[in-house]
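Only heavy atoms go into these numbers, but all of them, side chains included; no hydrogens, no water, no symmetry mates. Order of the sequence lines sets the chain letters (A, B, ...), proteins ahead of strands, with each chain counted from 1. Since the structure is predicted, the reported quantities are computational estimates derived from the model, not experimental observations.
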There are 2 protein chains.
Amino acid sequence: MTSNTASVPSRRERMRAETMTEIKASARGQLLEHGPSGISLRAVARDVGVSPAALYRYFDNLDALLTDLCCDFYDELVDASRAAMEVHPAEAHPERMKAWVWTFRSWVVSHRREFELMLNVPESESALTPCVNIADVPFDDLPAVTRKSMEHARLCGRELAAYYRHTEGQGFDFSAIDIPEISKGLSDELLDQCADMVIGERLPLPWIYAFASAWVRVFGLVTMEAFGSLPVRDNIEEFYKVQLMSMMRDFGIA
Amino acid sequence: MTSNTASVPSRRERMRAETMTEIKASARGQLLEHGPSGISLRAVARDVGVSPAALYRYFDNLDALLTDLCCDFYDELVDASRAAMEVHPAEAHPERMKAWVWTFRSWVVSHRREFELMLNVPESESALTPCVNIADVPFDDLPAVTRKSMEHARLCGRELAAYYRHTEGQGFDFSAIDIPEISKGLSDELLDQCADMVIGERLPLPWIYAFASAWVRVFGLVTMEAFGSLPVRDNIEEFYKVQLMSMMRDFGIA
DNA sequence: ATATTAAGCTAACGCCGTTAACATTAATGA
DNA sequence: TCATTAATGTTAACGGCGTTAGCTTAATAT
């Protein structure tokens with residue numbers, strides 16, 4: 001052992017990393033051509049020019065390869081989102097949040113197959129699906145893809161928090177926002193799961209609620225478009241824009 | 001041939017129907033136990049007590065069995081929805097629409113696996129996914145599951161139409177509804193795909209738009225709950241209710 | 001130079017969907 | 001009634017799959 005834990009990668013480590021990306025590239029190719037269920041270890045092996053059994057030196061099994069792929073996809077999505085947000089100045093928070101939504105949409109429509117896999121992630125991986133409350137598990141113990149997806153959501157959530165800090169003391173009137181009556185139980189949960197976990201700050205409830213609502217709407221828009229079940233086909237962009245406007249209005253933003 | 005096209009089913013027809021339901025019951029059992037990708041023709045055959053090849057007398061292939069299952073699920077969902085709506089008097093249109101949403105949600109959460117399959121329907125079946133506009137294809141030429149899913153949506157859409165006819169002439173002020181500015185292209189599309197295809201009538205644009213928006217929101221709610229990614233876990237019912245209220249407000253109701 | 005570890009191989013096991021060729025059973029028409 | 005026909009079943013096989021065990025080779029570390 002050359003006492004390597006992050007320093008210069010040894011020759012072997014480089015080779016290993018190279019074949020790993022080669023494997024994943026082949027798998028992704030099959031994903032694009034034949035969909036999630038059309039990815040075959042043996043086909044990957046043929047593609048890479050190696051025996052099927054050799055792949056098990058790199059991934060525990062097929063599912064592990066698939067979840068690893070998913071993580072890469074989330075990284076791509078996160079990177080694209082960050083880049084799109086950074087086009088706008090740091091103080092243009094609403095613009096940056098819109099850029100986040102827009103990147104989500106455009107990444108998914110240009111990577112439908114990848115998104116398909118992300119939605120159908122091999123759920124074993126930790127098997128805590130609806131067993132325990134996600135908020136009670138330390139972040140690092142969550143399944144990898146769950147962490148990645150939260151990372152993606154946080155990108156938008158923290159922008160909202162930054163916007164709040166920015167408007168703070170500028171006399172923004174939250175009581176003017178039209179928010180329904182909510183029980184303590186629900187608002188506590190929203191504070192736990194939305195504010196603490198993705199926004200990162202306990203903003204006033206109206207914004208937390210508006211964030212949750214917008215989240216659901218964006219998710220609906222994106223998945224429906226990916227499934228081709230949006231009630232619109234030729235004017236999707238405008239439909240998004242109009243929907244975005246009404247979400248902004250829920251935040252009390254012009 | 002006993003000139004039977006719908007009259008009394010012959011003995012053979014009865015037997016055939018019986019084994020078909022037996023096959024589907026077994027497949028559904030496997031779906032519940034192992035998820036959509038865990039359904040195996042050979043296991044079904046073992047279950048039914050028949051050779052694997054025999055199943056091909058009943059279904060063209062595995063995909064055909066799966067899509068057939070999906071159709072059954074939609075029928076169940078539609079029946080449940082209709083029943084829930086009929087609990088309310090015929091004129092209580094808003095209540096009936098709420099019942100539709102509520103049934104959608106509760107059916108999905110109590111049939112997650114089935115819903116999983118419905119979302120991942122073997123898409124071949126006609127392979128017109130994003131090729132042609134759905135509005136240009138005669139209804140009977142659409143893939144079976146698409147038709148079923150439209151049947152489900154129509155149940156709610158036509159209720160809205162009935163509500164409109166009911167309010168007509170009662171001086172409902174549509175211009176008071178807060179609707180964003182929409183291009184002619186988008187509104188034409190909404191009229192084509194929402195009004196004509198699911199609502200069944202060309203209601204005033206504000207309602208058409210509100211319907212499309214609500215559709216997206218409900219779809220988002222239901223799928224996120226099914227995937228366990230709603231920002232709420234213990235107070236989901238209340239979250240739905242509150243969301244429903246704000247959708248109703250978009251229609252200018254209450 | 002040698003011991004150790006990583007990375008590859010072959011061969012096999014038990015699944016799978018699907019097809020072809022053949023057998024049997026039940027309904028039909030003369 | 002009885003031969004014909006159509007529906008329903010069988011067996012056997014093909015090629016593909018994920019995965020494991022056991023062995024060999026190449027690279028690294030001491």
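Here the P atom of nucleotide D/dT8 and the CD atom of B/E22 are 14 Å apart, to the nearest Å. Following rounding to the nearest Å, A/R16 (CZ) and C/dA7 (C1') show an atom-to-atom distance of 9 Å. Regarding B/E13, its CD atom lies at a distance of 16 Å from the P atom of C/dA26, rounded to whole Å. Taking atom CD of residue A/E18 and atom P of nucleotide C/dA7, one finds them 13 Å apart after rounding to whole Å. B/R14 places its CZ atom 16 Å from the C1' atom of D/dT8, with the value rounded to the nearest Å.
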(request) Could you run through nucleotides 17-26 of chain D and give me one letter per nucleotide, 5' to 3': B if any protein heavy atom sits under 4.0 Å from the base, S if only the sugar-phosphate is that close, - if neither? (result) BBBBB-----

(message) Walk me through whether A/F139 and A/L142 qualify under side-chain contact (heavy atoms from CB on, under 4.5 Å).
(response) CA-CA 6 Å; A/F139 184 76; A/L142 289 172; 4.1 Å; yes

(request) Please lay out, stage by stage, how B/H111 and B/L77 fare under the test side-chain contact (heavy atoms from CB on, under 4.5 Å). (result) CA-CA 10 Å; B/H111 300 83; B/L77 174 57; over 6 Å; no

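Within 4.0 Å (heavy atoms only), B/A54 reaches at least one base atom of the nucleic acid. B/F59 comes within 4.0 angstrom of nothing in the nucleic acid, heavy atoms only.
Expressed to the nearest 0.5 Å, how far CD of A/E151 lies from CZ of A/R158 amounts to 10.5 Å.
Using a 4.0 Å cut-off between charged side-chain N and carboxylate O, B/E33 and B/R113 make no salt bridge. Salt-bridge formation is detected for the pair A/E114/A/R28: a Lys NZ or Arg NE/NH1/NH2 atom is positioned less than 4.0 Å from an Asp or Glu carboxylate oxygen.
The side chain to side chain donor-acceptor pair (under 3.5 Å) test applied to B/S40 returns no partner, not counting sequence neighbours.
For B/S51, counting side-chain heavy atoms from C-beta on, the closest listed nucleotide (D/dT10, D/dT8, C/dC9) is D/dT10.
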